[in-house]
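To keep things clear, I will list the structure first and then write my remarks on it.
Predicted model, so just to flag it, every value in this text is computed and none were measured.
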Amino acid sequence: MYLRSDSAAGVRFLSAVQEGRGLKPSARAAGVGKATGYRWLREAFLALRDSGCSVEDAQAELGYFSALALVWDQQRLTAPGRRRHHLAVDQATEDEFWRSFLGGDTLEAARRSAGIGRATAYRWWQQRFVQMREQGQSARAAEHRLRVPPARVRAWEAGRRRVSERAHRQREATDRRAVRQSARHAELLLRARAPRSDVAARDTRYWQLMRCGMTNTAACKILGVTRRTGSRIRARYRQQTAAPARPAAKPGRYLTLRERLQIADLLRLGCSLRAIALELGRSPSTVKRELDRHRDVQCRYLPQSADHAARQQRRRPREHKLLANPRLRKLVQRKLNRCWSPDEISGWLRRTYPHNPRMQLCPETIYRALLVPGGRGLHKRYCAKLRTGRRIRKSRWLTRSGHGAAVRNMKMIDQRPPEVETKQQVGHWQGDLIVGVKSASAMITLRERKTQYGIILNLPLDHTAQSVNTAAMKAFAPLPPHMKRTLTWDQGVEMARHQELTAATGVDIYFAERSSPWQRGANENFNGLARQYFPKGTDLSAHTTEHVAAVTHELNTRPRKGLGYNTPQARFQAETRRCLPDKQTTTVARTAP
């Protein structure tokens, strides 16, 4: 079927080429072949040249720059005028016929003088009548001018009405078909815009499998790719688990790019605003506001630019809080220099400036300024002051836990009294070892669950079971009985003589399950705080007792979120004084580590 350039497919093809999509993608989106696209471009180019445009202006108007334009222009110059069919009679012969007929000769005499057949003369006669009627002349005027019998006028009029009604029905059907195909056309344009969508879908599916707990090998086997491909995907995201894709906004809230492409397509087809709104399932006012907001200076509606502008307007970007408030940034930097965590800084600011929102910020703001690529407001050197010391975030699934040594006669954590979990009773501790370089030195870390009070004890010589017991007995000795009830430890070999420690201090010792650090979460958190001052891979025996005591005091005077941003030392001293006489309280306060 011969497709005209003014059809819906032709309009879509020419507009896609004008937007810079290329000939082949435009033809594919319009549903036509490349040859048809070339023919439409030639027709449009020649029409622009006939209207007075130069070759350069015509190419710029079409958005198609090719050496074929020079060939088309040369053909226009060598064959001027409109081409006639190879079986058509010459124009001079037709002029001779009408000169004779309009001069008063009969139809038979006019056709003989022109040298044409009766069928050709009859066809020209009817075509001239229909042409005069379409130009607005009445049937009586055309009848009088062309000397047509009344019976023949009635027959021609009936045929003209049938042809007009048939053309009107075909035009309406074509318009309805073009409107129905607008959604498909927008989908094809979106596919041409994102040719690597299959790769993005593969990466998204890979991260979904990894978040479900699968290994790289298992995830790659499901996706049908090699393990090296999975490694490349992880490397592309800097070894971080990709965040789940944020669900797209509901159609009832914002216009999507597909809908904007449909609006532009239906506008080019001449549809009204109400027809466009009916096809999209939107209100006509929504379409009108969209066009009023995003037309350019030439009154053109460009869907890609409109979608980008709408996204920027929805973001409502504002200046970062740390950049807009130098005083707040200076306070955050000071606290980071003191190794405060972002959560502690946030809580301290809310407590210090309760009525000044400009001096408050959430912990995530600090983390994003430090760890997220492109974060602003804080220098990257402050990353070393964080507990981990990392410059980027690390996913938990990348970490691996080992297995500790066996300890005999253990009482497991499920046998621990239930009041330990409520944190309503004081005296329940959690303990662990942090080791130095090559495991040659170590420190004991103890943390009380209710008050979050911590104790650090240095073991400069060794960390055998005997040395751990001696240090733990020294730590628990000055505490009153109600402050030492239970101790939860992991299954490390340093607790091989735990029964002797229980007999000496009266503290019941319970053991967590293997590779389950969350069962001793309070102590693991305290270990992270201590590692800011005693980093991994260093010699812990180099620290003096006075320095370890100073670090312990500094940690216990830092505000904690779980305590309402109060300090562990204040809570610990309050719990200690609760059940002691005055003299004994003074003694414990002086001897507490």
Original post:
Have R314 and Y254 got a donor and an acceptor in their side chains that come within less than 3.5 Å?
Top reply: no
Original post:
Would H547 and Y533 count as a close aromatic pair, with their ring centres under 6.0 Å?
Top reply: no
**OP:** May I ask you to say whether E421 pairs ionically with R416, meaning some side-chain N is under 4.0 Å from a carboxylate O?
**Re:** yes
Original post:
Within the distance-only criterion (no hydrogens, no angle test), does the side chain of K484 pair as donor or acceptor with the backbone N or O of F476 below 3.5 angstrom?
Top reply: yes
**OP:** Please check if the side chain of H320 supplies one atom and the backbone of L322 the other of a donor-acceptor pair under 3.5 Å.
**Re:** no
Original post:
Looking at Q532 and C339, what are the two nearest heavy atoms and their distance?
Top reply: NE2-O, 3.1 Å
Original post:
Okay, side chain of T422, backbone of E419: is any donor-acceptor separation there less than 3.5 Å?
Top reply: yes
Original post:
Going from CG on D203 to CD on Q208, what distance comes out if it is rounded to the nearest 0.5 angstrom?
Top reply: 11.0 Å
**OP:** Using a strict 4.0 Å threshold on nitrogen-to-oxygen distance, state whether K561 and E344 make a salt bridge.
**Re:** no
**OP:** Take R234 and N216 through the side chain to side chain donor-acceptor pair (under 3.5 Å) test and state the conclusion after the steps.
**Re:** CA-CA 9 Å; R234 291 203 310 274; N216 177 51; 3.2 Å; yes
**OP:** List the atom of E448, the atom of H428, and the distance in Å for their closest heavy-atom pair.
**Re:** OE2-N, 3.4 Å
**OP:** Decide if the gap between the ring center of H294 and the ring center of Y301 is smaller than 6.0 angstrom.
**Re:** no
Original post:
Do NZ/NE/NH1/NH2 and the carboxylate oxygens of E259 and R282 come within less than 4.0 Å?
Top reply: yes
Original post:
Which class fits the ring pair Y453 and F572: parallel under 30°, tilted 30 to 60°, perpendicular over 60°?
Top reply: parallel
Original post:
Does any non-hydrogen side-chain atom of Q430 lie less than 4.5 Å from one of L487?
Top reply: no
Original post:
Ion pair present between D508 and R485, side-chain N to carboxylate O less than 4.0 angstrom?
Top reply: no
Subject >> side-chain contact (heavy atoms from CB on, under 4.5 Å) against N525, all qualifying residues, sequence neighbours excluded >> reply: R387, R447, L529
